[in-house]
Amino acid sequence: MTKITAAITAVGGYVPQFVLTNQMLESMVDTNDEWITSRTGIKERRILKPEEGQGTSFLAIKAAQQLIEKGNVNPQEIDLVVVATATPDSMVASTAAFVASEIGATNAFAYDLLAACSSFLFGMSSVASQIESGRYKKVLLIGADKMSSILDYTDRTTCIIFGDGAGAVLFEPNEEGLGLQDEYLRADGSGRQFLGMEGGGSIMPATIESVKARKHYIFQDGKTVFKFAVSNMADVAEKIMTRNKLTDDDVSWLVPHQANKRIIDATAKRMGLDHSKVMMNIQRYGNTTSATLPLLLSDYEEQLKKGDKLVFAAFGGGFTWGSIYLKWAYN
Ligand code: UT7
């Protein structure tokens with residue numbers, strides 16, 4: 001019997017219209033374009049303005065609709081919708097369920113997946129196994145985050161980094177050996193003290209005091225996270241290459257989480273990859289958390305060729321991190 005692999009067969013992406021530049025941030029917090037550019041590689045990010053009254057689902061729906069249109073997909077044939085996100089529309093009710101209904105995926109079940117900046121990567125693993133098992137045929141995986149909803153625009157250590165956006169991919173069975181080949185995924189819960197959000201969860205539900213103390217915004221010990229991200233992202237990418245006997249020549253593209261250009265450069269260097277093989281859009285979108293990887297695929301789709309060997313790598317809160325090796329399935 002032919003082995004079934006899980007391949008990406010369509011992609012879509014969406015970023016909101018409003019552009020928040022480094023220059024604009026200079027008038028909001030004590031920062032400057034030179035610092036942000038040299039330390040992170042970010043020039044601007046997109047923001048879904050609060051007065052628009054929309055949540056993460058708005059971004060996810062737009063990305064999914066673009067995929068459906070471009071890929072000529074019948075939404076009623078979609079079996080499962082997974083929304084990878086750290087900023088669901090609200091607690092309890094599934095954002096993915098709302099997205100599925102809005103895009104017409106009326107025959108699908110749907111759930112959210114939360115693993116901070118690794119959500120999309122871990123989602124790839126989850127949905128691929130649904131396809132490989134033969135249980136489902138069309139699975140839509142969306143990475144979407146409205147990071148601006150949990151950013152403190154008086155805190156220069158976090159507000160300059162993140163942006164809003166969404167990307168979507170469709171996974172389908174493949175009998176040519178294309179799609180997901182291997183994965184190496186990790187988590188270390190001792191890292192949660194360095195990156196997260198204290199308020200709003202079950203440990204610290206919202207109170208007047210928690211709001212006054214600004215506990216409902218993301219915090220990050222940047223230096224510590226940077227140190228872990230640099231070594232762990234490079235380690236797992238190298239491990240995936242070694243395990244699959246991939247040389248730098250074999251790898252067509254590195255698809256790295258867009259947290260900091262310096263982390264991306266270090267990972268590419270360890271893999272021995274030239275800059276021309278590294279997908280990058282951090283300069284335009286900043287860190288969109290769960291959306292970075294699918295937004296890269298959306299931006300680079302036209303340059304991808306059937307059989308291209310892609311190495312994904314991500315690192316995020318939790319800590320969570322990992323790498324996936326995938327063969328691209330279409331021109
Ligand atoms: O996606 C999830 C995973 N997240 C990450 O991977 C992020 C990892 N961390 C980073 O990318 C970096 O640590 C940051 C970009 C967050 C910070 O860069 P850094 O080179 O680690 O800077 P730092 O925190 O060591 O700060 C250096 C200096 C400090 O001043 P002093 O103490 O040297 O006088 C900061 O106060 O830069 C100062 N600083 C700023 N200056 C201008 C911190 N933030 C800013 C700012 N503008 N926005």
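For ligands, and for the atoms within them, numbers begin at 1 and follow the listed sequence.
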TODO: For atom 19 (P) of ligand 1, decide whether some protein heavy-atom distance is shorter than 4.0 Å.
DONE: yes
- [ ] Check for a donor-acceptor pair, side chain of T87 on one end and backbone N or O of K146 on the other, with a separation under 3.5 Å.
- [x] yes
Task: Closest to atom 5 (C) of ligand 1 (judged by heavy-atom distance), picking from V225, D155, L195, N232 - done: V225
Task: atom 32 (O) of ligand 1 touched by protein (heavy atom, under 4.0 Å) - done: no
- [ ] Answer yes if a protein heavy atom lies under 4.0 Å from atom 29 (C) of ligand 1, otherwise answer no.
- [x] no
- [ ] Look at the side chain of D79 and the backbone N and O of K137, then say whether any donor-acceptor pair between them is shorter than 3.5 Å.
- [x] yes
Task: Closest approach of L140 to A168 (non-hydrogen atoms, all atoms of both residues) - done: CD1-CB, 4.3 Å
Open item on the list: So for ligand 1, is T157 a polar contact partner (N or O within less than 3.5 Å, distance only)?
Closed with: no
TODO: Compute the ring centroids of W321 and F319, then answer whether they are less than 6.0 Å apart.
DONE: no
Task: Note: D235-R270 ion pair, threshold 4.0 Å (strictly below) - done: yes
Open item on the list: Using a 3.5 Å distance criterion without hydrogens, assess whether the side chain of R186 forms a donor-acceptor pair with backbone atoms of G322.
Closed with: no
- [ ] Indicate the atoms forming the closest heavy-atom contact of A110 with A100, along with that distance.
- [x] CB-CB, 4.2 Å
TODO: Distance to 0.1 Å, residue and atom name: give those for the protein heavy atom nearest to atom 7 (C) of ligand 1.
DONE: Q220 OE1, 3.4 Å
Open item on the list: What's the separation between atom CG in L254 and atom CE in M280, rounded to the nearest 0.5 Å?
Closed with: 9.0 Å
Open item on the list: Could you tell me, atom by atom, which parts of ligand 1 come under 4.0 Å of a heavy atom of A259?
Closed with: 1 (O), 5 (C), 6 (O)
Open item on the list: Are any of the N/O atoms on I161, whether in the backbone or the side chain, positioned under 3.5 angstrom from an N/O atom of ligand 1?
Closed with: no
Open item on the list: Looking only at protein heavy atoms, which one is nearest to atom 23 (P) of ligand 1, and what is the separation?
Closed with: K223 NZ, 3.9 Å
Open item on the list: Considering non-hydrogen atoms of the protein only, which is the closest contact for atom 47 (N) of ligand 1, and what is the distance?
Closed with: T31 OG1, 2.7 Å
TODO: Decide whether an N or O pair under 3.5 Å exists between W35 and ligand 1.
DONE: yes
Task: ligand 1 contact on T40 by region, counting heavy-atom pairs under 4.0 Å - done: side chain
Open item on the list: Geometry only, no angles: is N287 polar-contacting ligand 1 at N/O separations under 3.5 Å?
Closed with: yes
Open item on the list: So if I count the atoms of ligand 1 from 1 in the order they appear, which ones are less than 4.0 Å from some heavy atom of R262?
Closed with: 18 (O), 19 (P), 20 (O)
Open item on the list: Which of the numbered atoms in ligand 1 are under 4.0 angstrom from any heavy atom belonging to G222?
Closed with: 8 (C), 9 (N), 13 (O)
- [ ] Within a distance under 4.0 Å of any heavy atom of I263, pick out the atoms of ligand 1 and give their elements.
- [x] 6 (O)
Task: Minimum-distance protein heavy atom relative to atom 12 (C) of ligand 1 - done: N260 ND2, 3.9 Å
- [ ] Give the ring-plane orientation class for Y14 versus F58, where under 30° counts as parallel, over 60° as perpendicular and anything between as tilted.
- [x] perpendicular
Open item on the list: Strictly less than 4.0 Å: does any protein heavy-atom distance to atom 9 (N) of ligand 1 fall in that range?
Closed with: yes
Task: Shortest protein heavy-atom distance from atom 2 (C) of ligand 1, along with the residue and atom involved - done: C117 SG, 3.2 Å
TODO: Determine yes or no for a side-chain-to-main-chain donor-acceptor pair under 3.5 angstrom, with S210 supplying the side chain and G199 the backbone.
DONE: no
Task: Options R156, E34, R39, ranked by nearest heavy atom to atom 36 (O) of ligand 1, top entry - done: R156
Open item on the list: Using 0.5 Å steps for rounding, measure from the CG atom of N287 to the CZ atom of R45.
Closed with: 11.0 Å
Open item on the list: Which residue is it: L295, I42, L293, I264? I am looking for the one with a side chain to side chain contact (heavy atoms under 4.5 Å, CB included) to Q258.
Closed with: I264
